[in-house]
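We use all heavy atoms of the structure for the numbers below, so side chains are in, but hydrogens, waters and symmetry mates are not.
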Amino acid sequence: MSIQSHNLVGLGLRREMLDEFCEATPEQINFFEVAPENWMTMGGKFGRQFRELTEKHTFYCHGLSLSIGSPEPLDTQFVQNVKSFLDLHNIDIYSEHLSYCSGTGHMYDLMPIPFTEEAVRHVAARIKQVEDITERPFILENVSYYAAPGSEMTELEFVNAVLNEADCKLLLDVNNIYVNSINHGYDAKTFLRNMPTERIAYLHVAGHYVEDVDLIVDTHGADIIQPVWKLLQECYAIHGVHPTLLERDFNIPSTETLLKEIDQIHAIQQATTEQRRSA
């Protein structure tokens, strides 16, 4: 896995950013993240611009439709296509959601996997299949969820059980921890503290939409709020500084505005690093 320095901040690349970043990419952006599904078949001008950026900058891939928890057989052709895309653009990092989005058809949404021992074994076996095909370590993201059907264990127990059974890395989404802590009434810092430090590959941080006092929707369409900034700071303090990606998928502001949040992530990383050196 080619994550070297930990004091790195990335941005999710959107198609509308191509012109600007091909002209000049701000130095504060250390890497880009893309969903391979959105770029694998892209040709023409966008395809050329994307290749130009991947030749100059570090890219991570964060998938949307692998459907790792689906009851249906793994779509091995899709995984082969992802591998070809990763190979073409020299991308080592491939992560996906601990959820599913397909059964007999594709649902185009991330559905909660039942927190059961059977599901742990099922997901872990599929992760090993994916790793065999992609020839890369698989990185699994803790997800936001809004219902927990048929649960036999807590979210915390389930996430750790899957990571241990599959022996894979973790994409730790700090905002998802906060969202779930509000929606399901648990302590975010306790959950964070019980994540396995040694498995963390990188982090996500984002904004969300407040539907009600006890219902938050994970939209990636707003500014990061203070409690999530605080949780990110606590995450670094507990687990050390890791590469961190700013997710912004909707209501995308100017690059100048995005850089304010990117600079804030850099500042928290630097402060944590200095505190650890002086401790």
Q. Under 30°, 30 to 60°, or over 60°: which ring-plane class applies to Y145 and H184, parallel, tilted or perpendicular?
A. parallel
Q: Would you confirm whether N30, through its side chain, and G10, through its main-chain N or O, come within 3.5 Å as a donor-acceptor pair?
A: no
Q: Apply side chain to side chain contact (heavy atoms under 4.5 Å, CB included) to H62 and list each qualifying residue two or more places apart in sequence or on a separate chain.
A: E33, S95, H97, E141, L171, Y202, H204, E247
Q: For R48, check side chain to side chain contact (heavy atoms under 4.5 Å, CB included) against everything at least two apart and list the hits.
A: K45
Q. Just one of Y94, F50, W39 clears the ring-ring contact (aromatic ring centres under 6.0 Å, His included) bar with F85, so which one?
A. F50
Q) Taking only residues two or more places apart in sequence or in another chain, which ones pass side chain to side chain contact (heavy atoms under 4.5 Å, CB included) with A166? A) A124, I127, C168
Q) Does the pair E256/K260 count as a salt bridge with the N-to-O cut at 4.0 Å? A) no
Q | S67 backbone acceptor or donor facing R126 side chain under 3.5 Å | A | yes
(Q) My understanding is that only residues two or more places apart in sequence, or in another chain, count here; which of them pass salt bridge (charged side-chain N to carboxylate O under 4.0 Å, His left out) with K128? (A) none
Q. Salt bridge between R136 and D87, side-chain N to carboxylate O under 4.0 Å?
A. yes
Q. Got a sec: does the CD of E23 have more than 12 other heavy atoms crowding it under 6.0 Å?
A. no
Q: Only counting residues at least two apart or in another chain, list the ones meeting ring pair (Phe, Tyr, Trp, His ring centres under 6.0 Å) with H242.
A: H6
Q) Parallel, tilted or perpendicular: which fits the ring planes of F59 and F32, with parallel below 30° and perpendicular above 60°? A) tilted
Q | V143 versus N180, closest heavy-atom pair with distance | A | O-ND2, 2.9 Å
(Q) Tell me if a side-chain donor or acceptor on D223 pairs with a main-chain N or O of E261 at a distance below 3.5 Å. (A) no
Q) Any sub-3.5 Å donor-acceptor pair from E37's side-chain atoms to S65's backbone N or O? A) yes
Q) Sequence neighbours excluded, which residues qualify as ring pair (Phe, Tyr, Trp, His ring centres under 6.0 Å) partners of F191? A) Y186
Q: Would you confirm whether D173, through its side chain, and N142, through its main-chain N or O, come within 3.5 Å as a donor-acceptor pair?
A: no
